Protein chains: 2
Amino acid sequence: MANEKKSTGEKAIARKKRLTVHDVARQAGVSTGTVSRVINNVPGVGEDVARRVRAAIDDLGWLPNIAAQNIRASTSRMIGFIFSDIRNPLYATMTKGAEGVFGPRGYLLVSSSSDGRMEREVNLIDLFRRRRADGLILTIADEDCPEVRSAIARSGISFVMLERALGDEATSISADHYGGTRQAVEHLKQMGHRRIAMITGGRGTLVMRERLRALEDAMAAGKLDPDPDLLRLDSFDAEYGYQQVQMLMGKKEPPTAILCLGVRLLPGVVSGLQNMGKTFPGDVSLICSNDTETASILTPPITAIRYDAHMLGRMAAAVLLEQIDQKGGKPEVKKFEIPTELVLRESVRRI
Amino acid sequence: MANEKKSTGEKAIARKKRLTVHDVARQAGVSTGTVSRVINNVPGVGEDVARRVRAAIDDLGWLPNIAAQNIRASTSRMIGFIFSDIRNPLYATMTKGAEGVFGPRGYLLVSSSSDGRMEREVNLIDLFRRRRADGLILTIADEDCPEVRSAIARSGISFVMLERALGDEATSISADHYGGTRQAVEHLKQMGHRRIAMITGGRGTLVMRERLRALEDAMAAGKLDPDPDLLRLDSFDAEYGYQQVQMLMGKKEPPTAILCLGVRLLPGVVSGLQNMGKTFPGDVSLICSNDTETASILTPPITAIRYDAHMLGRMAAAVLLEQIDQKGGKPEVKKFEIPTELVLRESVRRI
DNA sequence: TTGTAGGCGTTATCAC
DNA sequence: GTGATAACGCCTACAA
């Protein structure tokens, strides 16, 4: 009663006031507490009263303000997902996968692109801290960046690394890049290839480390000595692929096969080859990663290392939620890996 | 003082309590109001006091809780963007563009996929209403769906339509699909084509209406009578493209040119052609929309209707923010269009 | 210049 | 069963 400020009177004349529990309570002739109990299904509310409340809710078209609920519960039911660029189909697919897990559990997924820049990553982490995100999925550009690591640490937010790792300090979810790359190289070796180049990016990430280790192991196992000049490891950009493939193919002793590892690299590599009049697999064999529709419809279609990015997103979401639920007991650090598969097509020839 | 509950004492022993203005105020030996003034740059705070406050903030590592700020300001600084699927590069690109406008202005962009399903769209709109989003960018599946329209209306949230329209009722931003399609068809006519097919989706959207109108106008202008059986207008899915292109090319009188309008359709159409051993432009000429890297590296590269999706996202964001700022005066309904361009490549031949 | 107090919209803890 | 009331974390009159 004391609460009936004049704003109620203004409502009709002034700009539409936002609806609150109070409006519903008044309309139903009950207290706000009762309204709250009804919408939260707290037992012990009279059936007729509940009916009246629900009628008032429908009548006014009220929906509880989640922000207010959250502030009381000191939670946000929001998860941040940070990666380089949503235009990369890999991240779009992971986002879609994660969304499918978070949505039904009442969490809002907020994906944001850092353009792979450290300051943006730090800003985004701080932003999620200000918004009191309940969790973070991180696919950062460089696992060793101290600024980013300290931003993560001071945020105090539960997080998992996706396609990245933080030593033994954090849970991570990734594809089996070692296995995938190893299988690709073994296939090339079987097809008679000895000079195998690799174009990729992601220095300072689990992904590059595993790919490199796989290549080295495979070469060593075949008693082939790797040529360091065949390694082009500085970027995932199409432009980089375009340049490097031409430099590689312009060498006196060009590679006979190229691993093109990174979704955006492939268009660059292919148009680089086209630009210098080289064909695949005639002039050079090609294996790409991840598999995409583009890879499958090029002429000829391209052999690819495939893994399920959608599943990766789902797993990251599920693992993170589990970790959030257990918050209190210190979270166990776990490592999850999903399998890869070599999709044989026509871009590799026997030599 | 009365406020110093025992929780402060517990802090050391119990689970880490969240930081608040109170902690900072105590640490700096000032009141919470003063802390608030400092972080909000309200003039009239003693320089030494401000310094002490800032020191305390840094010391504790506190960041104001945006949720709490928002609940006071009755805003959320959050914008929802609803479309069918983030894996569609068009939406990913728009999202990126919009992010670039919202971020610097302190707004959080939340993109979510509806899978083009009406109930999902309604759920998402209600979700954004519960979260008190300040604005909505809508790329819904069907402009005429009454459930969705009423969800929009009852939400009371400022919104703009992106690549969609709501008659004269709402501001919309889109590419000039009429112009783009018209130009493509004129080009085909000039190259001697008379039987022009169109594969696309999006019934009930501005985009399809404009494309269809352009095709009809162009045919009429050339005194060609359109064959309704050459119109395949039921889906944007790759699978649909795969099927329909084969049905079209299997006809007694197949088309001599196909407009393949929809990013995901292209891989389907191309592999459909490959599957039946048809080539382009030998057996049929091809024009696609939007332009993608895939279109440019296929053999041969594909003539494409291009428009700037990134710009579309930026514009939608800018227009929406302007509309939000002016909230109070009823928002003017405006229509924005960005130009398209026909990128000539090698998938169209003269006949 | 700084402190106090009330309120933003909700829920949980008391009483009744 | 239901109704007051005190938080949640912050900002802003208003008072001092």
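Please read these numbers as outputs of a predicted model, since none were measured by experiment. Quick note on labels: first sequence line is chain A, next is B, and so on, each numbered from 1.
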J.: Rounded to the nearest angstrom, tell me the gap between atom CG in B/Asp23 and atom P in D/dG9.
T.: 9 Å
J.: What does B/Val49 touch in the nucleic acid at a heavy-atom separation under 4.0 angstrom: a base, only the sugar-phosphate, or nothing?
T.: sugar-phosphate
J.: For the pair made of CD1 in B/Ile71 and C1' in C/dG9, what is the distance, rounded to whole Å?
T.: 5 Å
J.: Between B/Gly46 and A/Ala68, which has a closest nucleotide on DNA chain C that is more 5'?
T.: B/Gly46
J.: Looking for any heavy atom pair under 4.0 Å, which part of the strands does A/Gly33 touch: base, sugar-phosphate only, or nothing?
T.: base
J.: A/Ser74: what forms a side chain to side chain contact (heavy atoms under 4.5 Å, CB included) with it, not counting sequence neighbours?
T.: B/Arg18
J.: In whole Å, what is the span from the NE2 atom of B/His22 to the C1' atom of C/dA5?
T.: 11 Å
J.: Residues in side-chain hydrogen bond (donor to acceptor under 3.5 Å, both in side chains) with B/Arg54, at least two apart?
T.: none
J.: So A/Val21, base contact, sugar-phosphate only, or nothing? Heavy-atom distance under 4.0 Å.
T.: base
J.: Separation of B/Gln69 atom CD from C/dG9 atom P, in whole Å?
T.: 16 Å
J.: Is the CG atom of A/Asp168 crowded by more than 12 outside heavy atoms at less than 6.0 Å?
T.: no
J.: How many Å lie between CZ on A/Arg18 and C1' on C/dG7, as a whole number?
T.: 16 Å
J.: Round to the nearest Å and state the distance from B/Asp48 atom CG to C/dT2 atom P.
T.: 7 Å
J.: Mind checking what makes side-chain hydrogen bond (donor to acceptor under 3.5 Å, both in side chains) contact with B/Ser36, not counting sequence neighbours?
T.: B/Asn40
J.: Answer whether the closest heavy-atom distance between the side chains of B/Trp62 and B/Asp23 falls below 4.5 Å.
T.: no
J.: Whole-Å distance between C/dG9 P and A/Trp62 CH2?
T.: 11 Å
J.: Do any side-chain atoms of residues 94-106 of chain A form donor-acceptor pairs under 3.5 angstrom with protein atoms, and if so which ones, sequence neighbours left out?
T.:
unit_1, atom_1, unit_2, atom_2, d
A/Thr95, OG1, A/Tyr91, O, 2.8
A/Thr95, OG1, A/Ser111, OG, 3.3
A/Lys96, NZ, B/Asp115, OD1, 2.8
A/Glu99, OE2, B/Ser113, N, 3.0
A/Arg105, NH2, A/Asp325, OD2, 3.1

J.: Tell me every residue that passes side chain to side chain contact (heavy atoms under 4.5 Å, CB included) with A/Glu322, counting only those two or more places apart in sequence or in another chain.
T.: A/Gln326, A/Lys334
J.: Tell me whether the side-chain N/O atoms of B/Ser31 come closer than 4.0 Å to OP1 or OP2 in C/dG3.
T.: yes
J.: Please list, in numerical order, the residues of residues 34-41 of chain A that have a heavy atom closer than 4.0 Å to any atom of DNA chain C.
T.: A/Ser36, A/Arg37, A/Ile39, A/Asn40
J.: Nearest whole angstrom, please: distance from the P of D/dC10 to the CD1 of B/Ile57.
T.: 10 Å
